[in-house]
S.K.: 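A single structure is presented below for examination.
For the numbers below, each heavy atom of this structure counts, side chains included, while hydrogens, waters and symmetry mates do not. Residue indices begin at 1 and follow the sequence shown.
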Amino acid sequence: MTHGETTAQDGPDAAAAQDTRHAATGSPAGPHGYSGRKDQHLKRLRRIEGQVRGLQRMVEEDVYCIDILTQVSAGTKALQAFALQLLEEHLGHCVADAAAKGGPEADVKVAEATAAIARLLRA
(Lines give C-alpha, C1' and ligand atoms only; values in the text may rest on other atoms or scores of the structure.)
Protein backbone atom coordinates (compact mmCIF):
# COMPACT_ATOMS: atom_id res chain seq x y z
CA MET A 1 0.00 0.00 0.00
CA THR A 2 1.35 3.45 -0.89
CA HIS A 3 0.87 6.71 0.94
CA GLY A 4 -2.65 8.00 0.48
CA GLU A 5 -4.29 4.60 -0.03
CA THR A 6 -6.79 3.14 2.36
CA THR A 7 -7.86 -0.45 2.86
CA ALA A 8 -11.33 -1.93 3.27
CA GLN A 9 -10.75 -2.23 6.99
CA ASP A 10 -9.95 1.50 7.15
CA GLY A 11 -13.52 2.21 6.11
CA PRO A 12 -14.99 4.93 3.91
CA ASP A 13 -14.44 7.58 6.58
CA ALA A 14 -10.66 7.02 6.43
CA ALA A 15 -10.59 7.68 2.69
CA ALA A 16 -12.66 10.83 3.13
CA ALA A 17 -10.42 12.01 5.96
CA GLN A 18 -7.33 11.40 3.82
CA ASP A 19 -8.84 13.41 0.95
CA THR A 20 -9.82 16.20 3.35
CA ARG A 21 -6.28 16.38 4.78
CA HIS A 22 -4.76 16.70 1.32
CA ALA A 23 -7.36 19.25 0.21
CA ALA A 24 -6.91 21.30 3.39
CA THR A 25 -3.12 21.48 3.05
CA GLY A 26 -3.03 21.73 -0.71
CA SER A 27 -0.63 18.77 -0.64
CA PRO A 28 -0.77 16.21 -3.40
CA ALA A 29 -1.52 12.63 -2.45
CA GLY A 30 1.48 10.23 -2.57
CA PRO A 31 3.67 8.61 -3.53
CA HIS A 32 6.24 11.13 -2.43
CA GLY A 33 10.03 11.20 -2.45
CA TYR A 34 10.15 9.60 0.99
CA SER A 35 7.76 6.76 0.13
CA GLY A 36 10.54 4.32 -0.74
CA ARG A 37 12.09 4.75 2.72
CA LYS A 38 8.86 5.14 4.66
CA ASP A 39 9.60 2.28 7.07
CA GLN A 40 13.05 3.71 7.87
CA HIS A 41 11.57 7.16 8.43
CA LEU A 42 8.86 5.82 10.72
CA LYS A 43 11.46 3.92 12.73
CA ARG A 44 13.52 7.08 13.07
CA LEU A 45 10.48 9.10 14.15
CA ARG A 46 9.56 6.49 16.74
CA ARG A 47 13.08 6.76 18.15
CA ILE A 48 12.69 10.56 18.36
CA GLU A 49 9.30 10.08 19.99
CA GLY A 50 11.00 7.89 22.59
CA GLN A 51 13.52 10.67 23.23
CA VAL A 52 10.68 13.11 23.88
CA ARG A 53 8.98 10.66 26.22
CA GLY A 54 12.33 10.34 27.99
CA LEU A 55 12.36 14.12 28.44
CA GLN A 56 8.93 13.94 30.05
CA ARG A 57 10.17 11.30 32.46
CA MET A 58 13.22 13.38 33.28
CA VAL A 59 11.02 16.33 34.22
CA GLU A 60 8.68 14.09 36.23
CA GLU A 61 11.70 12.71 38.10
CA ASP A 62 13.18 16.19 38.78
CA VAL A 63 16.39 15.50 36.86
CA TYR A 64 19.03 18.25 36.83
CA CYS A 65 18.25 21.05 34.33
CA ILE A 66 21.48 20.75 32.35
CA ASP A 67 20.95 17.01 31.86
CA ILE A 68 17.47 17.71 30.46
CA LEU A 69 18.82 20.45 28.19
CA THR A 70 21.44 18.03 26.87
CA GLN A 71 18.69 15.62 25.91
CA VAL A 72 16.61 18.43 24.36
CA SER A 73 19.61 19.26 22.19
CA ALA A 74 19.93 15.62 21.10
CA GLY A 75 16.22 15.47 20.21
CA THR A 76 16.42 18.74 18.31
CA LYS A 77 19.41 17.50 16.30
CA ALA A 78 17.58 14.25 15.53
CA LEU A 79 14.56 16.16 14.21
CA GLN A 80 16.78 18.46 12.16
CA ALA A 81 18.57 15.47 10.61
CA PHE A 82 15.21 13.92 9.77
CA ALA A 83 14.02 17.18 8.21
CA LEU A 84 17.15 17.46 6.08
CA GLN A 85 16.76 13.90 4.82
CA LEU A 86 13.12 14.56 3.96
CA LEU A 87 14.07 17.78 2.20
CA GLU A 88 16.74 15.99 0.18
CA GLU A 89 14.21 13.38 -0.91
CA HIS A 90 11.67 16.10 -1.76
CA LEU A 91 14.21 17.92 -3.92
CA GLY A 92 15.34 14.74 -5.63
CA HIS A 93 11.83 13.50 -6.35
CA CYS A 94 9.06 16.10 -6.26
CA VAL A 95 11.04 19.17 -7.31
CA ALA A 96 13.11 17.28 -9.88
CA ASP A 97 9.97 15.77 -11.46
CA ALA A 98 8.28 19.17 -11.64
CA ALA A 99 11.41 20.76 -13.10
CA ALA A 100 11.64 18.05 -15.76
CA LYS A 101 8.02 18.72 -16.74
CA GLY A 102 8.57 22.47 -16.69
CA GLY A 103 5.86 25.06 -16.58
CA PRO A 104 4.34 26.85 -13.61
CA GLU A 105 4.33 23.71 -11.42
CA ALA A 106 8.14 23.76 -11.43
CA ASP A 107 8.12 27.32 -10.11
CA VAL A 108 5.61 26.35 -7.42
CA LYS A 109 7.73 23.38 -6.26
CA VAL A 110 10.89 25.49 -6.11
CA ALA A 111 9.04 28.16 -4.11
CA GLU A 112 7.68 25.50 -1.71
CA ALA A 113 11.15 24.06 -1.20
CA THR A 114 12.63 27.53 -0.65
CA ALA A 115 9.97 28.32 1.97
CA ALA A 116 10.60 24.97 3.70
CA ILE A 117 14.33 25.69 3.82
CA ALA A 118 13.64 29.14 5.24
CA ARG A 119 11.46 27.61 7.98
CA LEU A 120 14.19 25.10 8.83
CA LEU A 121 16.77 27.87 9.07
CA ARG A 122 14.56 29.88 11.44
CA ALA A 123 14.04 26.88 13.73
S.K.: How would you list, by chain and number, every residue that makes a salt bridge (Lys or Arg N to Asp or Glu O under 4.0 Å) with E49, sequence neighbours excluded?
M.R.: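 Counting only residues at least two positions away or on another chain, E49 forms a salt bridge (Lys or Arg N to Asp or Glu O under 4.0 Å) with R53.
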S.K.: Do you know the tightest heavy-atom contact between F82 and H41?
M.R.: CE1-ND1, 3.6 Å
S.K.: Could you give the side-chain donor-acceptor pairs of residues 97-108 under 3.5 Å, partners two or more places apart or in another chain?
M.R.:
none

S.K.: State plainly whether one hydrophobic cluster holds both L86 and L84, where clusters connect Ile, Leu, Val, Met, Phe, Trp and Tyr through side-chain heavy atoms under 4.5 angstrom apart.
M.R.: no
S.K.: For E88, what residues pass the side chain to side chain contact (heavy atoms under 4.5 Å, CB included) criterion, not counting sequence neighbours?
M.R.: Q85
S.K.: How many angstroms lie between CG in L79 and NZ in K77, if you round to the nearest 0.5 Å?
M.R.: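 If we round to the nearest 0.5 Å, L79:CG and K77:NZ are 13.0 Å apart.
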S.K.: Going hydrophobic residue to hydrophobic residue with side-chain gaps under 4.5 angstrom, can you get from M58 over to V52?
M.R.: no
S.K.: Could you list the residues that satisfy side chain to side chain contact (heavy atoms under 4.5 Å, CB included) with V72, not counting sequence neighbours?
M.R.: L55, I68, T76
S.K.: Apply the hydrophobic cluster definition, ILVMFWY joined by side-chain contacts under 4.5 Å directly or through others, and give me every member besides V110.
M.R.: L87, L91, V95, I117, L120, L121
S.K.: Determine the minimum heavy-atom distance between K109 and C94, stating which atoms define it.
M.R.: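 Minimum heavy-atom contact is CG-O, 4.3 Å.
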S.K.: Test question: given the 4.5 Å side-chain rule for I, L, V, M, F, W and Y, name all other residues clustered with L69, or answer none.
M.R.: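 Noted: L69 shares its cluster with Y64, I66.
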